[in-house]
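Please find one structure pasted underneath; my questions will follow.
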Amino acid sequence: MDLIQGSGGGDAHANGVDRLNQHQTAKPKRQHHHTNAPSANLIDKILPKELLLRVFSYLDVVSLCRCSRVSRYWNQVALDGSNWQRVDLFSFQRDIEGRVVENLSKRCGGFMKSLSLRNCLFVTDAALKTLAQNCRNIEKLNLTGCNKITDATCQNLGHYSHGLSQLNLESCESITDGSLIALSEGCPKIETIAISWCQKITDEGVTLFVQKCPRLISFVAKGCNKLTDLSVKEIGAYCHRLKSLNLQDCSSITDESVMKISQGCPLLTSVCFSGCILLTDASLISLGKGCNTIRTFEVAHCSQFTDNGFETLMKNSHNFERMDLEECIQITDSTINHLAMQCPRLSQLSLSYCELVTDSGIHHLASSACGADTLTVLELDNCPLISDLSLGHLAACPRLRRLDLYDCQQISRTAIHQIQNSLPNLKVHAYFAPNTPPTSGAGRRRRYCRCCVVI
């Protein structure tokens, strides 16, 4: 079977999958060369197989499939398992079926270290069982969106893949607590786990998992709305190496969870509590005392946070680089002023729907160290007190690349043109509603064209 038909990207992808479907090495088509052409296998004589393998190791899936058609020797080298240690099949997501994964795992065997099957909707438990049995040295596995898999896949991974360190199960809707229990028993080396939108997972599974996986450095559970303080406090009690925590839309957690996290996870660099609507300033205060290395901080829609909480947080934490404060509706210019003074590395800031922020706060931000050196993205959607004055201040931020101004009623087109002239690399996102035509007033004199004659 031909590997590639034509030069189009679509054909290359389709036939690349055909090659993955063939476990046995195919016999390449006989190539006819002119008598005065250089020897086709000249490079084979110059380079030893080990060096050729090293060159091929830098190629992607499609390129390897193309090389396998050059000659019988290149076919063997290109399909050598050592060239397939890290495979990303996202580009083939519509074509990948179970047999592709099975044949790939048989070819790669123990060489396979990393595999991404992101959004490969047709992959099933049976194919992943074959993968686990053949590729027992796999360390990274991305199954995002593989919604046909069940707990059986994680049970097989726990049985065969004891070296697994990174696993992504986001949007795998059938995954339950059983998967986390199986992984905790068979994969103690896991450092990164993502279970976002696996809404069948509860406190029980998370609790057992974190208790047996002390190496955990990243835990992502966006949209797992059955999680409560019970399991989150266990994360703080057992995961002392944790660096990244994302509990977006886990709306049942309270300040008690955050306090426990602050005490037990001092190495945190990335935190997301967006949508955790029960949190108050007590959470900010505890994070300020216990986690001083946070660089990414996302708390969108946490409407109970106030200036007092952010002031305490920023007095102790000065490493913030990215902050999402969207719809923290109680904060004022005071929070912006403390950001400007205490966070010189800030590069991305969202203040959308913070309706109490004014031109004065933006002035402090623009004239600070971060405004002069690091600020690249600023979101100010629906900030009604922001006017053209703010754009004049922001013109002094030379690294600013994106500015969002949707529904800022006091911003004019003229001011936008002026800041874009000052910062030619800046992209401004704004919307201006079309002018409403005036209604005709009662008693207004009727207008006639010149052709009309009034008698």
Side-chain angles (χ1 to χ4, degrees), residues 272 274-275 296-307 309-311 313-314 320-439:
C272 179
S274 295
T296 297
F297 191 61
E298 302 177 31
V299 289
H301 313 295
C302 294
S303 58
Q304 298 193 58
F305 290 160
T306 71
D307 292 332
F310 281 110
E311 179 181 352
L313 174 67
M314 286 176 280
F320 292 112
E321 297 175 2
R322 180 173 180 264
M323 295 190 75
D324 185 355
L325 309 183
E326 179 178 337
E327 210 168 324
C328 293
I329 57 177
Q330 296 194 54
I331 67 172
T332 69
D333 291 340
S334 177
T335 293
I336 312 305
N337 295 344
H338 281 96
L339 271 173
M341 291 186 295
Q342 306 289 348
C343 305
R345 301 178 184 177
L346 189 66
S347 64
Q348 299 182 37
L349 175 62
S350 176
L351 297 171
S352 296
Y353 295 88
C354 296
E355 298 182 354
L356 301 179
V357 174
T358 72
D359 294 328
S360 176
I362 301 304
H363 181 210
H364 281 90
L365 182 68
S367 58
S368 68
C370 68
D373 298 327
T374 60
L375 189 64
T376 59
V377 176
L378 181 61
E379 299 175 5
L380 296 172
D381 298 332
N382 204 59
C383 291
L385 302 182
I386 298 298
S387 72
D388 291 348
L389 289 175
S390 288
L391 271 61
H393 301 319
L394 292 171
C397 301
R399 296 183 181 273
L400 195 61
R401 295 294 179 266
R402 197 186 92 207
L403 179 62
D404 291 358
L405 297 169
Y406 291 111
D407 294 321
C408 292
Q409 301 297 328
Q410 298 192 57
I411 298 294
S412 67
R413 287 186 174 89
T414 301
I416 291 177
H417 291 322
Q418 289 175 349
I419 191 173
Q420 287 181 319
N421 289 334
S422 301
L423 303 173
N425 294 322
L426 174 65
K427 292 184 178 179
V428 179
H429 300 153
Y431 172 76
F432 294 91
N435 295 325
T436 304
T439 57

Gap separating the SG atom of Cys302 from the CD1 atom of Ile329, nearest 0.5 angstrom:
11.5 Å

Distance check, rounded to the nearest 0.5 Å: Ser274 atom OG versus His301 atom NE2?
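Output value for this atom pair is 6.5 Å.
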
Do the side chains of Asp324 and Arg322 get close enough for a salt bridge, i.e. N-O under 4.0 angstrom?
no

Would a distance-only check, ignoring hydrogens and angles, find a side-chain to backbone donor-acceptor pair under 3.5 Å from Arg401 to Arg399?
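Yes: the side chain of Arg401 pairs with the backbone of Arg399.
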
Roughly how far apart are Leu400 CG and Ser347 OG, rounded to 0.5 Å?
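If I round to the nearest 0.5 Å, the distance is 11.0 Å.
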
Please report the interatomic distance NE2(His363) to CG(Asn337), rounded to the nearest 0.5 Å.
10.5 Å

Might you work through the side chain to side chain contact (heavy atoms under 4.5 Å, CB included) test for Leu365 and Leu378, ending with a clear yes or no?
CA-CA 10 Å; Leu365 182 68; Leu378 181 61; 4.1 Å; yes

Taking Ser390 for its side chain and Ile386 for its backbone only, find out whether a donor-acceptor pair lies under 3.5 Å.
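Between the backbone of Ile386 and the side chain of Ser390 there is no qualifying donor-acceptor contact (under 3.5 Å).
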
Determine whether the side chains of Gln410 and Asp388 contain a donor N or O and an acceptor N or O closer than 3.5 Å.
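Judged by distance alone, the side chains do not pair up.
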
Less than 6.0 Å separating the ring centroids of Phe320 and Phe297?
yes

Tyr406/Asn382 under side chain to side chain contact (heavy atoms under 4.5 Å, CB included): CA gap, chis, key distance, verdict
CA-CA 6 Å; Tyr406 291 111; Asn382 204 59; over 6 Å; no

Quick one: pull up CD1 in Ile411 and CG in Leu389 and give me the separation to the nearest 0.5 Å.
8.5 Å

Report, one line per pair, each donor and acceptor closer than 3.5 Å where one atom sits in a side chain of residues 417-426; sequence neighbours left out.
| residue | atom | partner | partner atom | Å |
| --- | --- | --- | --- | --- |
| Asn421 | ND2 | His417 | O | 3.1 |
| Ser422 | OG | Gln418 | O | 3.2 |

Could you tell me if Thr335 and Asp307 have a donor-acceptor pair between their side chains, going purely by distance under 3.5 Å?
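Yes, a side-chain donor-acceptor pair sits under 3.5 Å.
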
Is there a donor-acceptor pair closer than 3.5 Å between any side-chain N or O of Ser303 and the backbone N or O of Cys328?
no

About how many Å separate CG of Asp333 and CG of Leu339, when rounded to the nearest 0.5 Å?
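Nearest 0.5 Å value for the CG-CG distance: 11.5 Å.
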
